[in-house]
Amino acid sequence: MSVTRRQYPFDLIEPKWQEHWERHESFRAWNPGDTIPRQHPFAQRHAPGKTLPPKYYILDMFPYPSGAGLHVGHPEGYTATDILARYKRALGLNVLHPMGWDAFGLPAEQYAIRTGQHPRKTTEENIANFKRQIKSLGFSYDWHREIDTTDPAYLRWTQWIFLQLYNSWFNPRTNQAEPIATLACPPEMKTETDKRTYRASKRLAYVSEMPVWWCEQLGTVLANEEVTDGMSEVGGYPAVRKPMRQWMLRITAYAERLLHDLETIDWSHSLKEMQRNWIGRSEGAEIAFKVCRAGSAENTDYFINVFTTRPDTLYGATYMVLAPEHKLVDQISTPEHREVVRQYRALTASKSDLERTELAKEKTGVFTGAHAINPLNGEQIPIWIADYVLLSYGTGAIMAVPAHDARDLEFAQKFHVPIRQVVQAPGGEESIGFLGEGTSVNSGFMTGLPTAEAKKKIISWLEEQGCGRKTINYKLRDWLFSRQRYWGEPFPIIWKNGHHEVVPETDLPVLPPALSDFKPTASGEPPLARAKEWVNLPGGATRETNTMPQWAGSCWYYLRFLDPRNEEIFCGRDAEAYWMGVSKSSPSSGLLSATADKAPSGVDLYIGGTEHAVLHLLYARFWHKVLFDLGHVSTAEPFFKLVNQGLILGEDGQKMSKARGNVVNPDDMIRDYGADSLRLYEMFLGPLEMVKPWNTAGVEGPYRFLGRVWRLLVDEQSETAFEQGLAAEPKKGPELLEKIKLTSAIKDVEPSAPQLKAIHACIKKVTEDLEGLRFNTAISALMIFVNEAMTWKMKPVSVLRDFLILLQPFAPHLAEELFDKLNLQSAIPLPYLPWPVHNPALLVEATLEIPVQINGKVRDRIVVPATATSQELEEAALACEKIKSLIEGKTIKKIIVVPKTLVNIALA
RNA sequence: GCGCGCGUGGCGAAAUGGCAGACGCGCCAGACUUAGGAUCUGGUCCCGUAAGGGGUGGGAGUUCAAGUCUCCCCGCGCGCACCA
């Protein structure tokens, strides 16, 4: 490829300016209290020593540095944020735009297992490659703030935050996390052991026995998705559910706040919806059913609690179902049913969650022989177990109302359980199988009430009787936080005589031990358990050998960027207050975005893919709220505005993947067209948030546009000389580049009215589009300007200067090169020059062409002075010959005049 | 099944309820040129020689006026999915 003549010498221009920015630390962001060197570009615009201008924190989702390197999807979001970062800098804001590496993770570890190379080594290589690629795109990151989650200086604070979680409990009275020391133990707890156990049960980080899939042959735990029919996907070995000691984080305590606070942040509707869905709040009631003891020798009373969103249908409950794993199954099953129950439970246990929830599966289940008493009418109803009831949701037991629940209906029909209608559907709809709200029937004191009323009434009745209460249930579960992996943060925890204790803060970081074998051990213990001398501490204590999941490092990285080299604290208080605090919009400029006017807090703009819609974004919000409660950060939410860039598909319209062979490598694009063209094309492709297919041929458009910009300013003859010189001595490129002169058509003269109009129209459109994140139409406005300016015989310097400021965020290398050649002796370097402001007066037209419609169809046009009144417009329209002939003999019903826009004549 | 989003030229796409198709790709014609896969100029929604007519997935509605608002249907994408 790449035999065509280059549009302009981007291959010389781009490295030159990248090196320039690096040498001058052009994009270094300054913290309060920093001494800003006088010669730094920032100081040329913002006098050092004075208070910093308002901040703007614009963040990318930092990448996992995989071995595959960047694909063209990465630079989509990165280019968008870079354009905005450069734009906000030009507006005079102090911009924080950092980049780092989310470098713990499974691929590095698996690669290590296969090749015996230490993950540290491959991670370092991958980071170096990612960094080279990202730098070759000319992004204005502050590389002083680069962070790496695997760096001991970073993971130390990840561990520190874990300790904050560990040392806290959630106080439901204050609805926030508080230090564990404030937790009063119940008076009956006398011994230290009791108290410790009680506190352990309340901590935000706690230990729990959890069943996980364990595969003996592979020597590792497997995810649910990796197990089919009790066999491992890989290799087909048997896998068993094995309870293992796991660390959990009490995210469920924050369910309500995580849900509610979504209303305070500016995220897309669909993203918020996904989080709401994940949290899965539903209002209903918990109802206790007493298990019949008729014929039983035991004295114990058993109660089964169910959760229902439809307590109003209690009269319609004709049976109950427990999840097969429910604790009470063994106790309540009658002797003659024990064997079938045992068999059914064994069958269920061998299935993966995936299989159990498979669609279109026939309902299965067995009768336990036991009955429960409906608290409302004393009726005895059979208790079944069935795998359509999940232990993990609600109470793991349901009251089945087949008449008004699709699943219960299916089950009841299959097993011939009675079906009793208790809700009348509105509008004569079929009532059996009706799931909506209607009117209660056959329901005692609820009969005749609409569903909402019936719910209230039954709940207060249940509460009076003491056999039920109103509850809110969440789908959200506590976060399983431990992994049996090597390449992750070790827990800062030690075990003594069966209880856990923290590693003192002063002993952080706890670094992973040196290992040569990263595989899990045969016993199911994490690989860290192999490092005996690391695990065993003096006095019989041992280290926790699980590690944290990959999410840990990304839960707080945006905070470390604020103060990345601080060794005293995870993030300095002043830095946090400045960058995360409410930004004060400058009153002098109307150009600050609407978000600034709405007084946002936290990260001002966060751009990244939808793949993190729930996991990362929910986990990070959770950690942030804990830090907020404990007084370590000043905002309740971390990311004020969040935008998801749309996926870029391959040329075939399919998702880019190695297997399909449709991956486009940015390196190739940069080699053939340059970074500026790639940046421009990525943004020109379509709206940022839309999914859109890549088309390499399409890069030609922006590439030619940049070629036109080059030719708009450069002298043809000196360029020919450059080309010839380069052909003769290719090594002298950089030197020859400096000799290229600008065209003599560029003069320091007053622009003409049309020239002013062209540039001011461009300023207006580009500015408005940047505020609205409409990069594609902003670029189109730049193209329109250049297309017109190409026809000018004389090119005023001031107009080109303004244009280059507008171009700089999009194509920074070319803009810098041409700006440099303009030789304006500007004290302020291009990236810090004030953004131009358009003058509306210059855009006013003297005359307007106004369409004249009849019944909404354009029939003619009139040219009128821009000042024409509605009356004059109407008269001019009616005076047209064409219009006259068309309305001849017809009755005019109405004439609509939209000033400066159109005239529409409605005929009867 | 439920929720959300989207359907506009050959393609990527524009369009505060007010002239549909800006800008770009591709294509066609021409200019310059030894040459063109560089550049420049013109053209390019459909039917029609034209006048004119039709046109934003389909159907209805609101409106002087609908790609845009409302309802129904069809298609595509994403998310959740036995969530009680």
Side-chain angles (χ1 to χ4, degrees), chain A residues 3-7 268-278 280-282 284 306-310 313 321 323 356-361 363 386-390 392-401 404-408 410-411 435 473-476 610 613-614 644 646-647 649 653 680-681 684-687 689-705 707-708 711 716 765 774 776-784 786-787 790-791 849-861 892-898 900-907:
Chain A
V3 271
T4 58
R5 185 176 174 277
R6 280 192 319 266
Q7 287 278 347
S268 76
H269 179 79
S270 69
L271 192 57
K272 286 187 184 182
E273 206 53 38
M274 278 158 89
Q275 291 223 341
R276 285 195 193 104
N277 211 317
W278 188 264
R281 180 186 199 272
S282 46
V306 303
F307 174 74
T308 177
T309 54
R310 293 297 298 270
T313 62
V321 185
R356 274 186 62 173
T357 57
E358 212 177 311
L359 255 184
K361 200 184 61 133
K363 292 273 178 291
D387 68 359
Y388 81 93
V389 172
L390 308 172
S392 51
Y393 184 78
T395 59
I398 62 162
M399 64 177 210
V401 184
H404 306 292
D405 182 285
R407 298 147 302 177
D408 297 345
E410 198 196 325
F411 188 89
L435 314 176
N473 193 59
Y474 298 93
K475 250 173 18 178
L476 185 70
T610 359
V614 256
N644 285 128
L647 204 63
L649 305 173
L680 229 43
Y681 178 63
F684 191 58
L685 214 47
E689 297 181 63
M690 202 170 269
V691 177
K692 38 203 179 278
W694 181 265
N695 174 17
T696 293
V699 187
E700 288 285 349
Y703 180 52
R704 282 179 206 158
F705 160 70
R708 280 201 299 282
R711 293 193 298 277
E716 214 180 313
K765 179 74 175 148
R774 293 180 297 270
N776 54 334
T777 49
I779 292 167
S780 132
L782 293 170
M783 288 172 167
I784 290 168
V786 170
N787 289 347
M790 289 297 277
T791 67
E849 196 191 64
I850 303 286
V852 181
Q853 298 180 334
I854 293 178
N855 288 339
K857 301 242 178 248
V858 180
R859 295 300 170 178
D860 205 357
R861 286 154 209 282
I892 296 175
K893 203 163 69 180
K894 199 172 178 184
I895 298 180
I896 291 91
V897 180
V898 185
K900 293 181 194 292
T901 309
L902 118 169
V903 177
N904 187 16
I905 301 164
L907 296 179

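Below, chains carry the letters A, B, ... as their sequence lines are ordered, and counting in each starts from 1.
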Item checked: A:V858 side-chain proximity, nearest of B:rG18, B:rC19, B:rC40 -> B:rC19
Margin query: Heavy atoms from C-beta onward define the side chain here; which of B:rC82, B:rG26, B:rG3 lies closest to that of A:Y388?
Written below: B:rC82
Notebook entry, point to check: Of the candidate nucleotides B:rG54, B:rC25, B:rA22, which contains the atom at the shortest distance from the side chain of A:K857?
Noted result: B:rG54
Notebook entry, point to check: Taking the nucleotide of RNA chain B with the closest heavy atom to each, which residue, A:T395 or A:R711, is nearer the 5' end?
Noted result: A:R711
Margin query: I want to verify a distance call: between B:rC80, B:rA84, B:rC82, whose nearest atom is closest to the A:V389 side chain?
Written below: B:rA84
Note to self: Applying salt bridge (charged side-chain N to carboxylate O under 4.0 Å, His left out), can you list everything that pairs with A:R861, at least two apart in sequence or on another chain?
What the structure shows: A:E849
Next item on the list: Please determine, for B:rU34, whether a Watson-Crick or G-U wobble partner exists with both distances under 3.5 Å, and give it or none.
Entry: none
Notebook entry, point to check: Any side-chain heavy atom of A:Y393 sitting closer than 4.5 Å to one from A:K475?
Noted result: yes
Next item on the list: Answer yes or no: is there a side-chain heavy-atom contact under 4.5 Å between A:D408 and A:I398?
Entry: yes
Notebook entry, point to check: Can you tell which of B:rC19, B:rA13, B:rC82 lies closest to the side chain of A:M690?
Noted result: B:rA13
Might you list the N or O atoms of the protein lying below 3.5 Å from N or O atoms in nucleotides 61-64 of chain B, with each pair's distance?
unit_1, atom_1, unit_2, atom_2, d
B:rC64, OP1, A:K894, NZ, 3.3
B:rC64, O2', A:N904, ND2, 3.2
B:rC64, O2, A:N904, ND2, 2.7

Notebook entry, point to check: Taking A:Y388 for the side chain and A:K363 for the main chain, is one N or O donor matched with an acceptor at less than 3.5 Å?
Noted result: no
Checklist line | Mate of B:rC2 where both pairing distances stay under 3.5 Å, Watson-Crick or G-U | finding: B:rG79
Notebook entry, point to check: If you measure from the P atom in B:rG7 to the same atom in B:rA15, how many Å do you get, rounded?
Noted result: 11 Å
Item checked: Anti versus syn assignment for B:rG52, with syn defined as within 90° of 0 -> anti
Next item on the list: Please determine, for B:rG42, whether a Watson-Crick or G-U wobble partner exists with both distances under 3.5 Å, and give it or none.
Entry: B:rC28
Notebook entry, point to check: Is there a side-chain contact between A:V699 and A:W694, using heavy atoms and a 4.5 Å cut-off?
Noted result: yes
Margin query: Checking A:R708 against A:N787 for the side chain to side chain contact (heavy atoms under 4.5 Å, CB included) test, could you report, in this order, the C-alpha distance in whole Å, the side-chain angles of both residues, the deciding distance, and whether it holds?
Written below: CA-CA 8 Å; A:R708 280 201 299 282; A:N787 289 347; 3.2 Å; yes
Margin query: Could you tell me the Watson-Crick or G-U partner of B:rG7, where both distances fall under 3.5 Å? Say none if there is no partner.
Written below: B:rC74
Notebook entry, point to check: What nucleotide, of B:rG54, B:rC4, B:rA38, holds the atom closest to the side chain of A:Q7?
Noted result: B:rA38
Next item on the list: Have a look at A:V898 and say if it touches a base, only the backbone sugar-phosphate, or nothing, with a 4.0 Å heavy-atom cut-off.
Entry: base
Next item on the list: For A:N787, report the nucleic acid contact type (base, sugar-phosphate, nothing); a contact means any heavy atom under 4.0 Å.
Entry: sugar-phosphate
Notebook entry, point to check: A:N855 versus A:Q853: any side-chain heavy-atom pair under 4.5 Å?
Noted result: no
Notebook entry, point to check: Of all the choices, B:rG53, B:rU39, B:rG54, which nucleotide is nearest to the side chain of A:R859 once you look at every atom?
Noted result: B:rG53
Check: Of all the nucleotides listed (B:rA14, B:rC19, B:rC23), which has the minimum atom distance to the side chain of A:S780?
Finding: B:rC23
Check: Less than 4.5 Å apart, any side-chain heavy atom of A:L680 and any of A:Y703?
Finding: no
Item checked: A:R704 side-chain N/O to B:rC25 phosphate OP1/OP2 under 4.0 Å -> yes
Check: Where each residue is assigned the nucleotide of RNA chain B containing its nearest heavy atom, which of A:P702 and A:A397 is assigned the position nearer the 5′ end?
Finding: A:P702
Can you check nucleotides 9-12 of chain B for protein contacts, nitrogen or oxygen pairs under 3.5 Å, and list what you find?
unit_1, atom_1, unit_2, atom_2, d
B:rG12, O2', A:L685, O, 2.5

Check: Choosing from B:rC40, B:rA22, B:rA84, which nucleotide comes nearest the side chain of A:I398?
Finding: B:rA84
Note to self: Counting the atoms with a prime plus P, OP1 and OP2 as sugar-phosphate, which does A:N776 contact under 4.0 Å by heavy atoms, base, sugar-phosphate, or nothing?
What the structure shows: sugar-phosphate
Checklist line | Interatomic distance at C1', B:rG75 relative to B:rA81, whole Å | finding: 22 Å
